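This structure is a prediction, so every number in the text was calculated from the model and none was measured. Keep in mind that the numbers below use all heavy atoms, side chains included, and drop hydrogens, waters and symmetry copies.
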Amino acid sequence: MYLTVEKALKLPALNQVEVIGGKQGLARVINSVSIMDHPDISWIKRGELLLTTGYVFKDDLDAQINLVRELSKRGSAGLAIKIKRFLSTIPPGMVEEANKCNLPLLEIPYETPLSDLLFSFTHELVNKEKVKNNEKASIEIFHSLLKGESRSSSFIPKLREFGFNPERPYILLLINETKEAGDSFLPIGRTLEKLNHSEIVDFKYWNIDLDGQLIILQGKGMVTDEHLLLQAERIAVLLEGLLTEDNPSTSLSMGISKVKKGIYNMKEGFIEAKKAIQLGSRVNPTNINDYASIEVEDLINQIPKDAISQYVLSMIQPLIVYDRENEGELLKTLETYLSSRGRIEDAARALFVHRNTVKFRLSKIEELLRIDLKSRDLAFKLQFSIKAAKLLLDD
């Protein structure tokens, strides 16, 4: 978690500091803070926020503008000037240049000592560094659990320190991206922070870079498995919208594990999330898939191809052939009918056709397969065959 200029301005000690220019650069990250008492800025580092009274450039308009320009080039986090000591107001030329460079230009009230601001910034940066060190340690432990490298009991108290409760269920959301040209970086952490607080108020999450961007989601209290899955799906949808809006050339694939219990099942959940992406893209027209919805396909995928092909041919080959030769939709109609639990009205609505069309197609299916769809023993066999056929046809 980084300290940006925008976040810093919300600190109590800075509530009187105003943004005068460069508002488009408020997302710049502050790595360090220093007070300027010399005209040479060659020592300025990337991410450094400069505090000054303006004495060194108070009578030099060119120096004022050049300072803003050079700070921007060096990747400075911003410039904060204390007014009414050497400058009555911040010069318009500096404001104009700050707007051009998107460099935050801040006005410090005369009553605020620079030493107080320096202390507040330093204190906040130290706290952020502690948080980052804790996050790094937690990521190392999560990596070990996700890879199944260790079953050390020492992980349990450490996980508790990071806020992860080993007794509560959790779920894994894996996000992969493909970009039309070049490599890309998914700012998952920053994007998660954009989510409305109410979206994740009852949940904690940990963002880890491993075979994509992985989010481990856990309820803060006694959250049901169903609620946890629904929340993971909701976050996936929200993230997809935000990430593709900011990166229109990026295509995302997301996989959600089943709800897991016990820290040593984390590797299993990670594998499930990866399979949800790999198999989900083959059987569903969506970028977001949960493993529970494609678990049968995963089992089918482990059966020798020759055996499963033979089974599919014996069950539904006539429908595959008919659809291919007549550009028909008998297989899709059968799948929808079965998923609608034999309710013709529901199937017709899902297919956007008249119920009589569904009845006609079902009659044709019974004729081609020489079966009675009212037979209770057939439904699972047919659904199994259709799922297998999708995997085979995709190959």
Has Ser314 got a side-chain atom pairing as donor or acceptor with Tyr311's backbone, closer than 3.5 angstrom? yes
Same cluster or not: Val358 versus Ile371, using hydrophobic residues (I, L, V, M, F, W, Y) connected whenever any side-chain heavy atoms lie under 4.5 Å apart? yes
Show the nearest heavy-atom pair for residues Ala77 and Val5, with the distance to one decimal. O-CG2, 3.4 Å
Taking the cut-offs as 6.0 angstrom to the six-membered ring centre and 45 degrees off its axis, would you call Lys82 and Tyr110 a cation-pi pair? yes
Considering residues, nucleotides and ligands other than Glu366, do more than 12 of their heavy atoms fall under 6.0 Å from its CD? yes
Can you find a pair of side-chain heavy atoms, one from Val353 and one from Glu329, that are under 4.5 Å apart? no
Work out which heavy atom in His143 is nearest to a heavy atom in Asp209; give both atom names and the distance. NE2-O, 3.5 Å
Is atom CD of Gln302 surrounded by more than 12 heavy atoms (other residues, nucleotides or ligands) closer than 6.0 Å? yes
Show your working on side chain to side chain contact (heavy atoms under 4.5 Å, CB included) between Thr52 and Phe57 and close with a plain yes or no. CA-CA 10 Å; Thr52 181; Phe57 54 76; 4.2 Å; yes
Starting at CD of Gln278, measure out to CD1 of Ile294 and round the result to the nearest 0.5 Å. 9.0 Å
Is it the case that atom OH in Tyr264 sees more than 12 heavy atoms from other parts of the structure closer than 6.0 Å? yes
Tightest non-hydrogen contact, residues Leu369 and Ile316, listed as CD2-CA, 4.0 Å
Could you check Phe352 against Thr357 for side chain to side chain contact (heavy atoms under 4.5 Å, CB included), going step by step and ending with a plain yes or no? CA-CA 10 Å; Phe352 301 102; Thr357 301; over 6 Å; no
With the threshold set at 4.0 Å, does a side-chain nitrogen-carboxylate oxygen contact exist between Lys261 and Asp225? yes
Taking atom CZ as the centre, does Arg343 end up with more than 12 heavy-atom neighbours from other residues, nucleotides or ligands that are less than 6.0 angstrom away? yes
Could you grab the distance from atom CG of Leu103 to atom CZ of Arg69, nearest 0.5 Å is fine? 12.0 Å
Among Asp298, Ile300, Asn289, which residue satisfies the side-chain contact (heavy atoms from CB on, under 4.5 Å) criterion with Leu279? Asp298
Taking the side chain as everything from C-beta on, heavy atoms only, tell me whether Leu210 gets closer than 4.5 Å to Phe270. yes
Decide, yes or no, whether a salt bridge links Lys258 with Glu295 under the criterion of side-chain N to carboxylate O below 4.0 Å. yes
Sub-3.5 Å donor-acceptor pair from the side chain of Ser76 to the main-chain atoms of Gly78, do we have one? yes
How about Arg282 and Asn301: do any of their side-chain heavy atoms sit closer than 4.5 Å? yes
Is it possible for you to say whether Leu382 and Ile303 belong to one hydrophobic cluster, with membership spreading through side-chain heavy-atom contacts below 4.5 Å? yes
Does the side chain to side chain contact (heavy atoms under 4.5 Å, CB included) test come out yes or no for Phe203 and Leu228, once each step is laid out? CA-CA 9 Å; Phe203 297 87; Leu228 194 54; 3.6 Å; yes
Are Ser34 and Leu50 packed together at the side-chain level, in the sense that at least one heavy-atom pair is separated by less than 4.5 angstrom? yes
Enclosure of Glu226 CD (heavy-atom neighbours >12, cutoff 6.0 Å): no
ILVMFWY network linking Ile171 to Leu238, side-chain heavy atoms under 4.5 angstrom: yes
Contact summary for Asn356 and His354, nearest pair of heavy atoms: N-ND1, 3.0 Å
Hey, could you give me the OH/CD distance between Tyr337 and Gln383, rounded to the nearest 0.5 Å? 11.5 Å
Can the ring centroids of Tyr170 and Phe164 be said to lie less than 6.0 angstrom from one another? yes
Aromatic Phe360 / basic Lys364 pairing, under 6.0 angstrom, 45° off normal: no
So does Arg160 pair up with Glu167, basic N to acidic O under 4.0 Å? yes
Any side-chain heavy atom of Gln231 within less than 4.5 Å of one from Val223? no
So do the side chains of Ile81 and Ile20 get within less than 4.5 Å of each other, counting heavy atoms only? no
Grouping I, L, V, M, F, W and Y whenever their side-chain heavy atoms are under 4.5 Å apart, do Leu26 and Ile108 come out in a common cluster? yes
Sidechain N-carboxylate O distance under 4.0 Å for Lys275, Glu272: no
As an exercise, state the distance from CG of Leu214 to CG of Leu173, rounded to the nearest 0.5 Å. 7.5 Å
Hey, are the side chains of Leu9 and Leu106 touching, using non-hydrogen atoms and a 4.5 Å cut-off? yes
Rounded to the nearest 0.5 Å, how far does CD1 of Ile344 lie from OG1 of Thr333? 11.5 Å
Same cluster or not: are Ile156 and Leu145 linked, directly or through other Ile, Leu, Val, Met, Phe, Trp or Tyr residues, by side-chain heavy atoms under 4.5 angstrom apart? yes
Could you walk me through whether Ile320 and Val312 satisfy the side chain to side chain contact (heavy atoms under 4.5 Å, CB included) test, starting with their C-alpha distance in whole Å, then the side-chain angles of each, then the deciding distance to 0.1 Å, before giving a yes or no? CA-CA 10 Å; Ile320 296 171; Val312 169; 4.3 Å; yes
For the side chain of Asn287 and the backbone of Ser253, is there at least one donor-acceptor N/O pair under 3.5 Å apart? no
What is the distance from atom OG of Ser293 to atom CD1 of Ile288, rounded to the nearest 0.5 Å? 11.5 Å
Any idea which heavy atoms bring Ser72 and Arg28 closest together, and the distance? OG-NH2, 3.5 Å
Please check if the number of heavy atoms outside Arg85 that lie under 6.0 Å from its CZ is greater than 12. no
Contact check, side chains of Val68 and Gln64, non-hydrogen atoms, under 4.5 Å: no
Minimum heavy-atom separation for Lys381 and Met315, please, with both atom names. CB-CE, 3.8 Å
